[in-house]
Structure formats: structure tokens, C-alpha cells
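Heads up: numbering here begins at 1 and tracks the sequence.
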Amino acid sequence: MKKLLVFVVIALLLVSSTLVATTLENIVKKGKIVVATDMTAVPMQYRNPTGKPTGFTVELMELAAKEMGVQIEWQDMAWESLIPSLLSGKVDMIAANMSMTLTRMKSIRFSDPYFLTGIVAIARKDSPLVSWKDLAAPSVKMGATMGSVHADFIEQTWGKKASLYDNLAEWMTDLKLGRIDSVMDDEMICIELVNKNPDLKILEGYVRPDTYGLAFRQDQDSDSLVNWFNWFIKWEKLTGEYGKIYEKYVGKEWVPSFVVD
């Protein structure tokens, strides 16, 4: 009798597992994908003067939604809220300028890299700082966005704590006022900032190379969604659509890299 009961339970579990829809199936069924991002990272994802989401990541995701046959619901939030919102199930995925790190991979799952870049540091133009390596000096005050990987890098590499900020606008204010001496951030963001703020400069050298990935939950139901986006990234690079978006926002021709392509 006990053996029969065990077999019945196993059979019911197998049947129920086949009836549970995957994340991708649910998205397609409801016709909408809910995406978390931080719309403060020009030119990756930001809002234009009318408030409409735009940028490299936004256009790439709009293309993905078109290919998938669904609409996008953007959830714009503070950077440190992105991963918690994903893990709690409030959103289906994260599409932002999120660095793919081993630490983050302990709790979330990344797609294949969709953007290759690097981390640089900026300072005031009148600053004596020349290279990012100059930031190691104990007297140099550093800033970083809360929830970013840069604060950890600063502490682990140089043994000092960075001032943490909710967003770019906050640390820009302190940088210009001299409350901090430098900030690390993504190369694309820093190029845009320096172009718009001639009183700032990018310090020499890359702190490290960097790749962005789309982020998902680690549950088995997300497998098909991750697989879909992995092929989507490859497909749009092969067809040339990725290159068009890249050139529009980066300002130069996209060239495949042996690192991620």
C-alpha cells in the first residue's frame, strides 16, 4: 500500500510539472514582458525630453519584444532595487547596463553578453589626477552608485570605502563641488558625461574590461526565456540589426569581438 501511494504521488508530481507554464510561455500568453531598468544611463537607457524611454538597451529590447510578439512594460527604478525586484518576481527580467560578475551570478542568471565595454574613471578637469591608477592614493576620495560593482572594487583593491549615491545625478553634484575626487563608471556613460560637461575628464586607462548581460531568475521555468534571448542576441548580430542600433548610439561601426562574439 505504501509503495502504491509513493507511485501515485510521483505520478501526480510528474503530471503537475508538465502543466506548469514556463516564464516564456506566460509572457507570450499575456502578451507582455515586464522589464526592470534604471533610466539614468545615457546612452544605454534613459528618457528623452518628452519622457519616452530610449537608448541602446531600450531599442534592443523593443526589437526583442517585436520578435517575440509582445509589448514591453518598463519598470524604472533605483539601481539597488533591480535585482531584488527580479528575485521577488515583480518583473520578468532586467535590461540595463549591468556588469556580468561572478558575485551577481550567485543569485541571478545572465544571458550571453550583449555589449562589450570597459570601466573608466572620471574627475574634474582641473584635478591633478591623470591615470585611474592614481586613485589608489589614500587621500583620493571616491564615489560610486549604490549597488554597483565599483564600490566593492574600490574597497577590495585599495582598502578604502567609497561614498555611495542613489544615482548618477547625485554623485555628479558632489564631484563638481569637490566633495569627492573621482567616480568609476561604464565607459559609454562617462564619454557622454564628459561630452556634456567640459569641466570633467576621463582618466587614462581602463580599470577593467566589462560586459553587459540581460538578467533573469535562476529557476528552471526561466530556461526557455534565457535560451530565447541568447539566440535573439546572436540572430540580430547576424542580420545586421544589432549593428544599426550600436552605430546609432555608440557613434561608430560595430565590429564583432573575439571575446563575446
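Side chain of Ser111 to backbone of Leu214: a donor-acceptor contact under 3.5 angstrom is found. When atom types are taken as modelled, the side chain of Asp134 and the backbone of Ser131 share a donor-acceptor pair closer than 3.5 angstrom. Checking side-chain atoms of Thr37 against main-chain N and O of Ala95 turns up a donor-acceptor pair under 3.5 Å. Proximity of a side-chain donor or acceptor of Ser88 to a complementary backbone N or O of Ser85 within less than 3.5 Å is detected. With hydrogens and angles ignored, the 3.5 Å screen pairs no side-chain donor or acceptor of Glu25 with any backbone N or O of Ala21. Side chain of Gln75 to main chain of Val35: no donor-acceptor pair is present (N/O by atom type, distance under 3.5 Å, no hydrogens or angles). For Asp219 (side chain) and Ser222 (main-chain N/O), a donor-acceptor pair under 3.5 Å exists by modelled atom type. Under the 3.5 Å distance criterion, the side-chain polar atoms of Lys201 are matched with a main-chain donor or acceptor of Leu129. Using a distance-only test at 3.5 Å, with no hydrogens or angles considered, no donor-acceptor pair links the side chain of Arg124 to the main chain of Asp199. In this structure a side-chain-to-backbone donor-acceptor pair under 3.5 Å is missing from Asp221 to Thr23.
Residue-environment remark: CD (Gln71) stays at or below the threshold of 12 foreign heavy atoms within 6.0 Å. Within 6.0 Å of the NZ atom in Lys237, the count of heavy atoms belonging to other residues, nucleotides or ligands exceeds 12. Shown here is Gln220, whose CD atom has no more than 12 heavy atoms of other residues, nucleotides or ligands within 6.0 Å. At most 12 non-hydrogen atoms from other residues, nucleotides or ligands lie less than 6.0 angstrom from NZ of Lys66.
Using a 4.5 Å heavy-atom threshold, the side chains of Arg208 and Val149 count as touching. With a 4.5 Å cut-off on side-chain heavy atoms, Met68 and Phe232 do not count as touching. Considering only heavy atoms from C-beta on, Thr101 stays 4.5 Å or farther from Phe153 through its side chain. Side-chain contact between Thr22 and Leu225: absent, with no pair of heavy atoms (C-beta onward) separated by less than 4.5 Å. In this structure, Ser148 and Met184 have side chains that are not in contact, with every pair of non-hydrogen atoms separated by 4.5 Å or more. Proximity of Val58 to Met39: side-chain heavy atoms (C-beta onward) are separated by under 4.5 Å at one or more points. Using a 4.5 Å cut-off on side-chain heavy atoms (C-beta onward), Asp185 and Thr145 make contact. Contact annotation: the side chain of Asp186 never approaches that of Met44 to less than 4.5 Å [non-hydrogen atoms, C-beta and beyond].
Ring pair Tyr114/Phe56 is parallel by interplanar angle, where below 30° counts as parallel and above 60° as perpendicular.
Taking every heavy atom of both residues into account, Ala65 and Ile72 meet most closely at CB-CG1, 3.5 Å. Between Leu135 and Ala121 the shortest heavy-atom distance is CD1-CB, 3.6 Å. The two atoms that bring Ala96 and Thr57 nearest to each other are N-CG2, 4.1 Å, heavy atoms only. Closest approach of Asp210 to Ser99, counting heavy atoms only: OD2-OG, 2.7 Å. Heavy atoms only, all atoms of each residue included: Gly213 and Met100 are closest at N-CG, 3.4 Å. Contact between Trp74 and Pro53 at its shortest, heavy atoms only, is CD1-CG, 4.1 Å.
Taking hydrophobic clusters as Ile, Leu, Val, Met, Phe, Trp and Tyr residues chained together by side-chain heavy-atom distances below 4.5 Å, Ile119 shares a cluster with Leu203. A continuous path of ILVMFWY side-chain contacts below 4.5 Å connects Leu193 to Ile191, so both sit in one hydrophobic cluster. Two different hydrophobic clusters hold Phe229 and Val91 under the rule that ILVMFWY side chains link at heavy-atom gaps under 4.5 Å. Using a 4.5 Å cut-off between side-chain heavy atoms of Ile, Leu, Val, Met, Phe, Trp and Tyr, with links allowed through other members, Leu175 and Val207 fall into different hydrophobic clusters. Leu82 and Met188 fall into different hydrophobic clusters, where Ile, Leu, Val, Met, Phe, Trp and Tyr are joined by side-chain heavy atoms under 4.5 Å apart, directly or via other members.
Rounding to the nearest 0.5 Å places CG of Asn230 at 3.5 Å from CG of Asp112. Atoms CD and CE, on Gln45 and Met61 in that order, are 11.0 Å from each other to the nearest 0.5 Å. Note: Gln218 CD to Lys106 NZ = 11.5 Å, rounded to the nearest 0.5 Å. Atom CZ in Arg47 sits 11.5 Å away from atom NZ in Lys52 (nearest 0.5 Å). One distance of note links CG of Asn26 with NZ of Lys32; it measures 12.5 Å at 0.5 Å rounding. Expressed to the nearest 0.5 Å, how far CD of Glu73 lies from NZ of Lys30 amounts to 8.0 Å.
Residues passing the side-chain hydrogen bond (donor to acceptor under 3.5 Å, both in side chains) test with Lys160: none are found, sequence neighbours excluded. In this view, Val194 and Ile122, Leu200, Ile202 satisfy the side chain to side chain contact (heavy atoms under 4.5 Å, CB included) rule, not counting sequence neighbours. Every residue meeting the side chain to side chain contact (heavy atoms under 4.5 Å, CB included) condition with Lys252, not counting sequence neighbours, appears here in chain and number order: Tyr246, Val250. For Tyr46, there are no side-chain hydrogen bond (donor to acceptor under 3.5 Å, both in side chains) partners two or more places apart in sequence or in a different chain. Scanning for side-chain hydrogen bond (donor to acceptor under 3.5 Å, both in side chains) contacts around Thr40 gives Asp38, with sequence neighbours left out.
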For this session: Could you walk me through whether Met98 and Ile83 pass side chain to side chain contact (heavy atoms under 4.5 Å, CB included), step by step?
Result: CA-CA 10 Å; Met98 183 168 282; Ile83 292 178; 4.0 Å; yes
For this session: Verify side chain to side chain contact (heavy atoms under 4.5 Å, CB included) between Leu86 and Arg217, making sure each step is shown before the conclusion.
Result: CA-CA 7 Å; Leu86 175 66; Arg217 287 183 290 278; 3.7 Å; yes
For this session: Go through Glu236 and Thr239 one step at a time and tell me if the side chain to side chain contact (heavy atoms under 4.5 Å, CB included) criterion holds.
Result: CA-CA 5 Å; Glu236 302 309 335; Thr239 61; 3.4 Å; yes
For this session: Start with the C-alpha distance between Tyr206 and Trp132, add both sets of side-chain angles, then the distance that settles ring-ring contact (aromatic ring centres under 6.0 Å, His included), and finish with yes or no.
Result: CA-CA 8 Å; Tyr206 282 104; Trp132 73 268; over 10 Å; no
For this session: Check the pair Trp79, Met146 against side chain to side chain contact (heavy atoms under 4.5 Å, CB included), reporting the backbone distance first and the verdict last.
Result: CA-CA 7 Å; Trp79 186 267; Met146 194 177 298; over 6 Å; no
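Members clustered with Trp231: Trp235, Leu238, by chain and number, using a 4.5 Å side-chain heavy-atom cutoff among hydrophobic residues.
Shown are Phe115, Tyr249, Trp254; of these, the ring-ring contact (aromatic ring centres under 6.0 Å, His included) with Tyr242 is made only by Trp254.
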